[in-house]
There are 2 protein chains.
Amino acid sequence: MEQDGTAIDLETSLGYLLKEAASALRAAMEDVLRPLGMTITHYSCLELLAQRPGLSGSELARGAFVTRQSMNTLLQHLEREGQVSRPAEAAVGKVLPTRLTPRGRGSLAKASAAVRSVEDRMLAGMTETERSDAFRSLTSMVRSLRQDGVAVDGD
Amino acid sequence: MEQDGTAIDLETSLGYLLKEAASALRAAMEDVLRPLGMTITHYSCLELLAQRPGLSGSELARGAFVTRQSMNTLLQHLEREGQVSRPAEAAVGKVLPTRLTPRGRGSLAKASAAVRSVEDRMLAGMTETERSDAFRSLTSMVRSLRQDGVAVDGD
DNA sequence: TGCTCCATGTCAGAAGTCTGACATACTGTC
DNA sequence: GACAGTATGTCAGACTTCTGACATGGAGCA
């Protein structure tokens with residue numbers, strides 16, 4: 001039971017460091033979104049819809065890195081609150097294209113500014129080289145990890 | 001409501017890319033840990049204890065990037081299952097130093113091997129330059145984001 | 001000593017997300 | 001046309017984590 005070879009050194013593990021960075025970003029985003037009564041998934045959903053109106057629930061789920069069931073719960077909530085709108089029935093297939101309402105756009109404007117301040121702070125603490133290195137290496141990490149079926153929506 | 005300046009371009013956002021990479025890693029780890037009946041936080045807790053025996057609940061929480069309340073729930077569960085042990089009362093202060101039991105070490109051995117396979121796959125898909133670039137830029141991101149109070153345990 | 005401040009452990013309840021399951025609709029393959 | 005395979009939306013239930021709150025113990029300071 002004492003094989004040293006199987007242990008993972010957390011101090012030098014790239015996976016641990018990635019988790020640490022993601023955790024720091026998540027905490028910082030939650031800090032600025034909480035005063036607005038918004039969660040990260042909530043914000044992500046609105047931001048995705050602003051950039052690509054008409055996205056389906058499943059597409060939004062993939063873009064926000066949650067299951068389509070979780071996104072469905074959120075969408076029903078947002079629809080009741082009047083932040084998004086969906087047709088009662090699908091025009092074609094089962095896909096229900098979702099769109100932002102003016103109210104949703106208003107919520108997003110505040111949230112987007114708050115999130116931008118976090119991202120700006122993050123970028124301000126990095127050199128130009130570090131930024132492009134981060135972009136390149138993170139892209140490579142994603143590609144490596146996606147080799148087999150490791151989709152978020154795993155059913 | 002239509003200020004283009006406030007929107008965040010998800011395609012080029014380093015924050016979004018970081019979340020994407022972390023999500024891919026999380027999904028890959030869950031895929032290999034689920035057959036072992038273990039969650040990521042569960043595994044993280046055991047791995048931390050293996051490297052630094054006697055860690056307190058709060059310290060484990062910080063190391064696993066969850067609140068101390070969540071870690072407490074997990075520790076009570078692990079204690080009932082006989083994977084970790086804690087003294088009934090604190091020797092000094094309120095701190096309850098936690099240690100792995102032989103059973104816990106056994107669980108960790110399997111989990112650690114599984115997680116290592118994921119990390120190896122990730123690293124195998126990256127060049128040596130990308131690995132060191134990732135380490136450097138992620139460290140910089142963490143430092144930038146930690147500037148103000150963005151601790152995991154936020155109370 | 002007495003006081004304030006901070007860290008820890010814990011309980012209770014709420015919120016978010018997940019897995020499992022089902023019905024339905026499109027796609028391509030024979 | 002018939003079929004299997006895949007994708008979507010949804011419901012139900014369970015699990016994990018979170019926020020809020022409280023009590024306790026140590027550290028620093030007047």
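We name chains A, B, ... by the order of the sequence lines, and we start the count at 1 in each one.
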**OP:** Measure from CD1 on B:I40 to C1' on D:dC15 and round the result to the nearest Å.
**Re:** 15 Å
**OP:** Report the distance from atom CE of A:M71 to atom C1' of C:dA15, rounded to the nearest whole Å.
**Re:** 16 Å
Original post:
Just how far, in rounded Å, is C1' of D:dT19 from CG of A:D31?
Top reply: 13 Å
Original post:
Are B:T41 and D:dT16 close enough that a side-chain N or O sits under 4.0 Å from OP1 or OP2?
Top reply: no
Subject >> Donor-acceptor pair, side chain of B:S132 and main chain of B:T129, under 3.5 angstrom >> reply: yes
Subject >> Presence of A:N72 side-chain N/O under 4.0 Å of D:dT10 phosphate oxygens OP1/OP2 >> reply: yes
Subject >> Separation of atom CG in A:L60 from atom P in D:dT10, rounded to whole Å >> reply: 12 Å
Original post:
Just how far, in rounded Å, is C1' of D:dC18 from CG of B:L74?
Top reply: 15 Å
Subject >> Note: A:R116-A:E119 ion pair, threshold 4.0 Å (strictly below) >> reply: no
Subject >> Side-chain N,O (B:R68) to OP1/OP2 (D:dG20) below 4.0 Å >> reply: no
**OP:** Identify whether any heavy atom of A:L96 sits under 4.0 Å from a base atom; if not, whether one sits that close to sugar-phosphate; answer base, sugar-phosphate or nothing.
**Re:** sugar-phosphate
Original post:
What is the distance from CD of A:E30 to P of C:dT17, rounded to the nearest Å?
Top reply: 10 Å
**OP:** Choose from C:dT24, D:dT24, D:dA21 the nucleotide whose nearest atom is closest to any side-chain atom of B:K94.
**Re:** D:dT24
**OP:** Look at B:S70 and D:dC18 and indicate whether a side-chain polar atom (N or O) is within less than 4.0 Å of OP1 or OP2.
**Re:** yes
**OP:** Determine, for B:R136 against A:E130, whether the closest basic-nitrogen to carboxylate-oxygen distance falls under 4.0 angstrom.
**Re:** no
**OP:** Please name the pair of heavy atoms, one in B:L46 and one in B:L108, separated by the smallest distance, quoted to 0.1 Å.
**Re:** O-CD2, 3.6 Å
**OP:** Measure from the side chain of A:S58, starting at C-beta and using heavy atoms only, and say which of C:dG9, D:dC18, D:dT8 lies closest.
**Re:** D:dT8
Original post:
Just checking, any donor-acceptor pair under 3.5 angstrom between side chains of A:E59 and A:S56?
Top reply: yes
**OP:** Give the nucleotide from the list C:dA21, C:dG9, D:dG20 with an atom nearest to the side chain of B:Q69.
**Re:** D:dG20
Subject >> Nearest-Å distance for atom pair CE/P, residues B:M38 and C:dT19 >> reply: 17 Å
Original post:
Of all the nucleotides listed (D:dC18, D:dG9, C:dT8), which has the minimum atom distance to the side chain of B:S56?
Top reply: C:dT8
Original post:
Does B:T67 make a side-chain N or O approach to OP1 or OP2 of D:dC18 shorter than 4.0 Å?
Top reply: yes
**OP:** Measure from NE2 on B:H77 to P on D:dC15 and round the result to the nearest Å.
**Re:** 9 Å
**OP:** State whether the side chain of B:E20 and the backbone N or O of B:L17 hold a donor-acceptor pair below 3.5 Å, judged by distance alone.
**Re:** no
Original post:
Taking only N and O in the side chain of A:T73, is any of them less than 4.0 Å away from OP1 or OP2 of C:dT17?
Top reply: no
Original post:
For the side chain of A:R86, counting heavy atoms from C-beta on, which of C:dG9, C:dC18, D:dT10 is nearest?
Top reply: D:dT10
Original post:
Quick one: is C:dT19 close enough that its OP1 or OP2 comes under 4.0 Å of any side-chain N or O from B:R34?
Top reply: yes
